Amino acid sequence: MSTYLFVLLTLPENRKIMKRHLQLNIKQLSSCYADGSISPRLVVDYALDDAVKLKQLNAFINLTPEKSLHQAKESDHRYDKKEPLSVLDGVPIAIKDNFCTKDLTTTCASRMLANFVPPYNATVCARLSSAGAVLIGKTNMDQYAMGSGTVDSIYGPTKNVWSPNLNDDKWHIAGGSSGGSATAVAAGICFAAIGSDTGGSTRNPAAYCGVVGLKPTYGLLSRHGLIPLVNSMDVPGIFTRNISDCVDVLNAIAGPDNKDSTTIRRPYTNIELPHYEDIDLRNLKVGIPKEYHCEGLSQDVLDTWMKVADMLEEGGANVKQVSLPNTAASIFVYSILNQCEVASNMARYDGIEYGHRANNDNSTEELYAMTRAEGFNTVVKTRILTGNYFLLRKNYQKYFEKALSVRRLIAQDFRNVFEAPKHSMKNIVDVLLTPTTLTDAPLFSDFVSLSNRDQCARQDFCTQPANMAGIPAISIPIRLSRTGLPIGLQLMSRSLNEEILLRVASWIESQVEFDCLANEQIYAARS
Ligand code: GLN
């Protein structure tokens, strides 16, 4: 770092300005850029500086300072000429390391891709870049997004910013698999971050880290360049500190993409949320699915859930209990389908085209076997083996086809509560309110004493059904638990109903007033 920059960043008045700017939302930050009260370059310098100071959190696999500074300078010029590209121009963001970034390493936190430099950008990254957003770095994750904790990365686990003490060994997990992205936002390094969500990987760490995490409708965002886990469920996810920012990022990246034939062809219309005071809940029907009141749900989470349900009722909404009878089957169905798709997706890593190649020239078979033995961790290998077992001719019907039919039942459960069949007087709801996770963030030491399968079975109970049905879902931070860790709640709605989902989320946000950055420890660590 140059001496000039060092002096600039440590000036107390600049630190104060920066602390204030962190409290802004993206629209307000963009107005400050436009009126010249702060520059993208300064904000990006701070973001990079903070990322280094908060290295102990292990949120990033790689920072991208050269690219960040280049993008920030370009953004400065655009604001000088009064020609910003969008509200995201100059806004520091982070991207999970399973999205391809041109000329920047994309590792999936695996040995297999540790040196993989893609020659192209994922569509989501390209759209953020065309909107002027500034990339700070690629974030940590569970290897190939297989996990719920960000504990299975070859670069080590990510720590939860809200852990009462980051320096002893009693720290809490950030959640996963997009724990690095959630942490980059929760720690105030970036204003937004991109994760992926196949069974909860955006909503789970959002809840644990006290930030907003949106999993949009399947196909609303392009998966082009997102290294696949389960193609039929994967979606890019969005982390922000508030709903307004979430909408701004969604508007920049949503919509059809010729490079991904599974994107919804209908053109995307930008969402504009009214001021929260103008959000009227009187015609809103909110469902409380009784099956989500499940074994393992902590009293703290249950109380929070009921408190927000009461709040919505007092606000004028019609809140009622509904039933999604196949919810409990979700964990098993997800697990079978996940492993089957993993088995086929991972076949591409053979050491020939790209990625790690073992040092073995005895035979092609040995080269494949050794490359894969060295490149993947135990979790990935186990899922490949199990998936191939389910796909054997003798098992295909018993497991894979059966799981597909139960998946349809799970999706039908949602249709039954969201869509009334023609001429029926059936009671339908606009949104469902549920916990995101059963507890607040577990201690790392407790979490890793479980197998990956048990970790997911416990952590993903409330999140996986939405992936199975392809519907949109969001986790909103509500309050701190008795142990001082964030608790989030989830809203779900029918496909392409993001606007209602975000409206209700915005209303809840205005009532609970959760301060994502009320974490003094983090301020102390960076100053
Ligand atoms: N925990 C789930 C799994 O490991 C979900 C992961 C995800 O959403 N990427 O499969």
Side-chain angles (χ1 to χ4, degrees), residues 19 22-23 25 54 56-57 59 148-150 158-168 170-176 178-179 181-189 193 200 202-214 239-243 245-246 276 292 296-312 433-447 458-459 462-463 474-491 505-526:
K19 193 168 167 178
L22 273 180
Q23 307 293 340
N25 67 29
L54 298 171
Q56 58 169 328
L57 296 171
S148 306
T150 314
T158 297
K159 293 183 178 178
N160 191 309
V161 288
W162 291 89
S163 307
N165 192 346
L166 286 168
N167 297 319
D168 61 19
K170 289 216 158 313
W171 51 271
H172 296 253
I173 61 164
S178 318
S181 289
T183 304
V185 174
I189 299 167
T202 294
R203 288 158 288 155
N204 167 300
Y208 286 165
C209 296
V211 293
V212 170
L214 173 71
F239 292 96
T240 52
R241 285 191 290 272
N242 55 64
I243 302 294
D245 291 356
C246 181
Y276 68 84
Y292 283 66
L297 187 67
S298 77
Q299 192 60 42
D300 244 353
V301 174
L302 178 64
D303 292 347
T304 310
W305 186 17
M306 292 306 122
K307 196 173 142 216
V308 174
D310 289 346
M311 220 179 244
L312 286 162
L433 177 73
T434 73
T436 308
T437 51
L438 304 186
T439 62
D440 56 9
L443 279 170
F444 172 75
S445 49
D446 290 346
F447 189 73
R458 280 194 204 182
Q459 306 303 318
C462 302
T463 50
I474 189 167
S475 180
I476 326 155
I478 305 293
R479 65 168 183 162
L480 295 182
S481 67
R482 276 181 222 115
T483 34
L485 293 156
I487 294 179
L489 289 182
Q490 174 177 239
L491 288 170
S506 165
W507 187 88
I508 296 176
E509 172 184 60
S510 72
Q511 300 298 303
V512 299
E513 294 185 329
F514 182 84
D515 184 354
C516 297
L517 293 172
N519 193 334
E520 284 308 319
Q521 189 178 206
I522 291 303
Y523 281 116
R526 51 152 52 102

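Bear in mind the structure is a predicted one, so any value in this text is a computation, not a measurement. Atom set for the values below is all heavy atoms of this structure, side chains included, hydrogens, waters and symmetry mates excluded.
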A.B. asks: Of all heavy-atom pairs between Ile173 and Tyr208, which one has the smallest distance, and what is that distance?
C.D. replies: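 Closest pair (atom of Ile173, atom of Tyr208, distance): CD1-CE1, 4.1 Å.
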A.B. asks: Can you find a pair of side-chain heavy atoms, one from Asp515 and one from Gln23, that are under 4.5 Å apart?
C.D. replies: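 Yes. Closest side-chain heavy atoms under 4.5 Å.
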A.B. asks: What I'd like to find out is whether the side chain of Val161 reaches to under 4.5 Å of the side chain of Leu54, using heavy atoms alone.
C.D. replies: no
A.B. asks: Might you point out which heavy atoms bring Trp171 and Leu166 nearest each other, and give the distance in Å?
C.D. replies: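 Scanning both residues, the minimum pair turns out to be CD1-O, 4.5 Å.
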A.B. asks: Where do Ala505 and Ile243 come nearest, in terms of heavy atoms and distance?
C.D. replies: CB-CD1, 3.6 Å
A.B. asks: Can you name the side-chain hydrogen bond (donor to acceptor under 3.5 Å, both in side chains) partners of Asp446, sequence neighbours left out?
C.D. replies: none
A.B. asks: Roughly how far apart are Leu22 CG and Cys516 SG, rounded to 0.5 Å?
C.D. replies: 11.5 Å
A.B. asks: Between Asn204 and Thr463, do the side chains contain an N or O donor and an N or O acceptor separated by less than 3.5 Å?
C.D. replies: no
A.B. asks: Would you say that Ile474 contacts Val212 through its side chain, given a criterion of any heavy-atom pair below 4.5 Å between the two side chains?
C.D. replies: yes
A.B. asks: Quick check: do Cys209 and Asn160 have side-chain heavy atoms less than 4.5 Å from each other?
C.D. replies: yes
A.B. asks: For Pro435 and Val301, work out which heavy atoms get closest and say how close.
C.D. replies: CB-CG1, 3.6 Å
A.B. asks: On a heavy-atom basis, which atom in Leu480 and which in Trp162 lie closest, and how many Å separate them?
C.D. replies: CD2-CZ3, 3.8 Å
A.B. asks: Please name all residues satisfying side chain to side chain contact (heavy atoms under 4.5 Å, CB included) with Ala193, sequence neighbours left out, ordered by chain then number.
C.D. replies: Ala94, Ser181, Val185, Phe239
A.B. asks: Quick one, Gln511 and Val308 - any side-chain contact, counting heavy atoms below 4.5 Å?
C.D. replies: no
A.B. asks: What residues form a side-chain hydrogen bond (donor to acceptor under 3.5 Å, both in side chains) with Thr434, not counting sequence neighbours?
C.D. replies: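 So Thr434 forms a side-chain hydrogen bond (donor to acceptor under 3.5 Å, both in side chains) with Gln490.
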A.B. asks: For a 4.5 angstrom cut-off between non-hydrogen side-chain atoms, does Lys307 reach Val512?
C.D. replies: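 Side chain of Lys307 against side chain of Val512, heavy atoms only: no contact under 4.5 Å found.
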A.B. asks: Rounded to the nearest 0.5 Å, how far apart are CG of Leu443 and OG1 of Thr483?
C.D. replies: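 So the gap between those two atoms works out to 9.0 Å.
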A.B. asks: Answer yes or no: is there a side-chain heavy-atom contact under 4.5 Å between His172 and Pro164?
C.D. replies: yes
A.B. asks: Does a donor on one side chain sit under 3.5 Å from an acceptor on the other, for Thr240 and Asp245?
C.D. replies: no
A.B. asks: So with a 6.0 Å cut-off around CZ of Arg458, is the heavy-atom count from everything else above 12?
C.D. replies: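 Check fails, neighbour count at 12 or below.
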A.B. asks: With distance as the sole criterion, is a donor-acceptor pair present between the side chains of Thr436 and Ser475 under 3.5 Å?
C.D. replies: yes
A.B. asks: Can you confirm whether Ile478 sits close enough to Met311 that some side-chain heavy atom of one is under 4.5 Å from a side-chain heavy atom of the other?
C.D. replies: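 Side-chain contact under 4.5 Å: no.
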A.B. asks: Under the criterion side chain to side chain contact (heavy atoms under 4.5 Å, CB included), I'd like the reasoning laid out for Asp300 against Arg479: C-alpha separation, chi angles, the key distance, then a yes or no.
C.D. replies: CA-CA 10 Å; Asp300 244 353; Arg479 65 168 183 162; 4.0 Å; yes
A.B. asks: At their closest point, which heavy atom of Arg241 faces which heavy atom of Gly188, and how far apart are they?
C.D. replies: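 Between these two residues, the closest heavy atoms are NH1-CA, 3.3 Å.
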A.B. asks: Got a second to check how far Asn242's CG is from Glu509's CD, nearest 0.5 Å?
C.D. replies: 5.5 Å
A.B. asks: Measuring from Ile508:CD1 to Phe514:CZ, what's the distance to the nearest 0.5 Å?
C.D. replies: 14.5 Å
